[in-house]
Amino acid sequence: MNDSKNFIENIIDEDLSLGFNKRLLKFRFPPEPNGFLHIGHVKAIWVNFSLAKKYFSPVVLRFDDTNPEKEEQKYIDSIKEDVSWLGYSWSEERYASDYFDQLHVWAKELIKKNLAYVDSQASEEIAKQKGTPTTPGTNSPYRKRTIEENQILFDKMTSGVFNEGEHVLRAKIDMGSANMLMRDPVIYRVLKKPHPRTKNEWCVYPMYDWAHGQSDYIEQISHSLCTLEFKPHRELYDWFLDNLVQKNKVRPKQREFARLNLSHTITSKRKLMFLVKKGIVSGWDDPRMPTISGLRRRGYPPSALKEFVRLAGVAKRENIIEASLLEFCAREELNKSSNRVMVVINPLKLTITNYPDDKQESVFSENNPENPSSGVREIPFSKEIYIEQEDFKAEANRKFFRLTIGKEVRLKSAYIIKATSVVYNKDNSIKEVLCTYDPKSRSGSGTEESQRKVKGTLHWVSKKTAIKVQVNQYDRLFEHPSPADAQSEEELMSMINPNSSTTCFAYAEPSLSKAQVGQKFQFQRLGYFVVDNNTPSKIVFNKTVGLRDNWKK
Ligand code: ATP
Ligand code: MG
């Protein structure tokens with residue numbers, strides 16, 4: 001890709017050229033801790049941390065925790081883990097709840113300036129008076145309350161005298177504004193719920209719009225970057241700041257970029273929560289989930305996720321990125337970084353009849369031809385071998401370059417073999433294939449025979465030393481290209497791929513017994529796999545992606 005600047009960098013450069021002090025640049029990533037982060041959040045994280053890197057500026061990790069009904073400590077923990085795993089470190093860890101006192105003081109200031117009032121109507125009534133995008137709203141009958149009356153009522157809201165829903169505090173802006181959000185938005189509500197951090201201290205909580213911009217101001221964020229759906233909020237964001245900002249302080253600037261939308265998946269915590277609660281997936285970190293934790297268990301390296309959002313680009317208009325681009329980024333990265341190993345998933349036994357019964361030798365194979373410093377490893381070879389069932393046909397046409405009776409193939413890093421006959425079970429299934437090998441053809445031995453060209457090369461595992469491993473393979477969770485468009489839970493359910501996960505056992509070369517959880521490998525000719533679990537009793541691999549894009553028609 002080119003090095004041209006994205007539109008946010010242009011905005012910042014313009015601000016700098018107009019005299020904004022570069023040292024005052026400051027960004028934030030503000031997740032609500034009501035679920036796990038997903039691939040969409042990677043974009044927001046990447047946008048902010050890349051700017052910070054470019055301009056040598058800090059990034060605040062701010063938990064937008066103004067909704068105690070939905071937020072939990074476990075989500076805070078997972079968000080921190082995920083941002084760190086992506087390789088980013090934040091300069092400060094903050095919580096909107098750190099500012100509840102200040103936000104409350106400022107709300108009282110608005111009341112004092114006659115810019116906020118307590119409304120005592122039911123929420124349905126308030127909603128009815130909002131009007132529509134094309135017709136203005138109507139003023140609340142409580143809009144003319146005196147400042148003193150509002151002060152007393154807000155104090156009572158705060159001290160717990162009222163029940164939820166009895167009163168709200170609204171900003172007094174303009175019920176006729178073309179922007180519905182400017183029609184006297186609610187800024188405080190009564191909520192008698194303990195908060196994960198402030199416990200029972202508060203029974204009024206600030207609404208998103210009131211908390212967000214003011215938190216940016218308190219932290220002195222210079223550029224508050226969010227997704228396009230917040231564009232209509234910008235006018236309100238600015239109205240609040242107009243009434244608070246003091247001289248000599250940085251006035252935060254909200255700017256919006258397009259969300260990342262991905263085909264064949266959903267990027268909404270609410271909908272992902274539905275999949276978890278319904279038991280459609282095993283949890284937020286199920287390897288089929290588009291969450292950062294799911295992608296991690298699936299074997300996606302952080303660099304592949306970052307490269308993906310970089311390629312997807314920072315734009316001002318919504319679009320949908322193909323899921324295959326994400327898979328492409330994983331393949332590119334894993335090809336460079338993962339060691340090759342041999343694993344046979346659908347085993348077929350071969351017996352090499354002219355190989356000595358008790359002999360076992362070692363052959364050597366490059367760990368990663370893309371990385372010369374990765375070294376070589378030793379692989380045991382002996383008389384009985386497993387290859388993939390798909391790699392043998394007793395009879396085949398000329399285009400079949402794998403093993404068939406009378407034709408030669410090479411066993412990767414070992415010998416050239418030739419199939420001689422098939423031994424069948426009573427039910428006519430193949431029991432084993434007998435073959436012979438050319439003892440002079442050993443790879444790397446330098447003999448003329450070792451350099452003989454044969455059409456096919458197969459991966460294999462020696463039976464005597466093979467280890468049994470579990471292999472989980474995945475398909476897309478949604479068959480439908482745009483599950484995000486589902487209008488109901490039923491419709492979303494109907495888009496689910498019923499066969500998105502399969503599990504089987506495979507034979508692996510013994511070097512894998514020492515594999516570490518999270519370690520990534522290329523199973524030769526099969527794809528990229530990551531170690532999900534390695535205990536004395538069980539080694540489990542998850543398939544990340546195949547070697548090629550199987551989705552292309
Ligand atoms: P969701 O709808 O999944 O809950 P959200 O926007 O409510 O997402 P937040 O935790 O509030 O989630 O988001 C934190 C930041 O991440 C916000 O700045 C938001 O704009 C950004 N973000 C969320 N989803 C995406 C996405 N798909 N693409 C880019 N940025 C996103
Ligand atoms: Mg949100």
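Numbers for residues simply follow the sequence, beginning at 1. Both counts, for ligands and for their atoms, begin at 1 and track the order of listing.
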Checklist entry - So, does His38 sit close enough to ligand 1 that a heavy atom of it is under 4.0 Å from the ligand? => result yes

Checklist entry - So is Leu260 polar-close to ligand 1, meaning N/O to N/O under 3.5 Å? => result yes

Checklist outcome for this item: Residue set satisfying side chain to side chain donor-acceptor pair (under 3.5 Å) with Gln214, at least two apart, ordered chain then number -> none

Next on the checklist: Can you tell me which residue among Gln73, Lys74, Lys80 is in a side chain to side chain donor-acceptor pair (under 3.5 Å) with Asp77?
Outcome noted: Gln73

Checklist entry - Are any of the N or O atoms of Lys269 closer than 3.5 Å to those of ligand 1? => result yes

Checklist outcome for this item: Applying side chain to side chain contact (heavy atoms under 4.5 Å, CB included) to Ala44 and not counting sequence neighbours gives Phe29, Phe257

Next on the checklist: Check whether Thr227 reaches the backbone of Glu229 with its side chain - one donor and one acceptor, N or O, closer than 3.5 Å.
Outcome noted: no

Checklist entry - Counting both backbone and side chain atoms, is some N or O of Thr227 under 3.5 Å from an N or O of ligand 1? => result yes

Item to check | Ala44: numbered ligand 1 atoms lying under 4.0 Å from its heavy atoms | outcome: 16 (O), 21 (C), 30 (N)

Checklist outcome for this item: Partner of Phe240 under ring-ring contact (aromatic ring centres under 6.0 Å, His included), picked from Tyr208, Trp210, Trp106, is Trp210

Next on the checklist: At less than 4.0 angstrom from any non-hydrogen atom of Ser268, what atoms of ligand 1 do you find?
Outcome noted: 3 (O)

Checklist entry - Can you find an N or O of Glu229 that's nearer than 3.5 Å to an N or O of ligand 1? => result no

Checklist entry - Looking at side-chain heavy atoms only, is the closest gap between Trp90 and Val60 below 4.5 Å? => result no

Next on the checklist: Measuring from atom 6 (O) of ligand 1, which candidate in Arg259, Arg28, Glu256, His212 has the nearest non-hydrogen atom?
Outcome noted: Arg259

Checklist entry - Taking N or O atoms only and a 3.5 Å limit, does Gly40 qualify as a polar contact for ligand 1? => result yes

Checklist entry - If you measure from the Lys or Arg side-chain nitrogens to the Asp or Glu carboxylate oxygens, is any gap between Glu327 and Arg298 under 4.0 Å? => result no

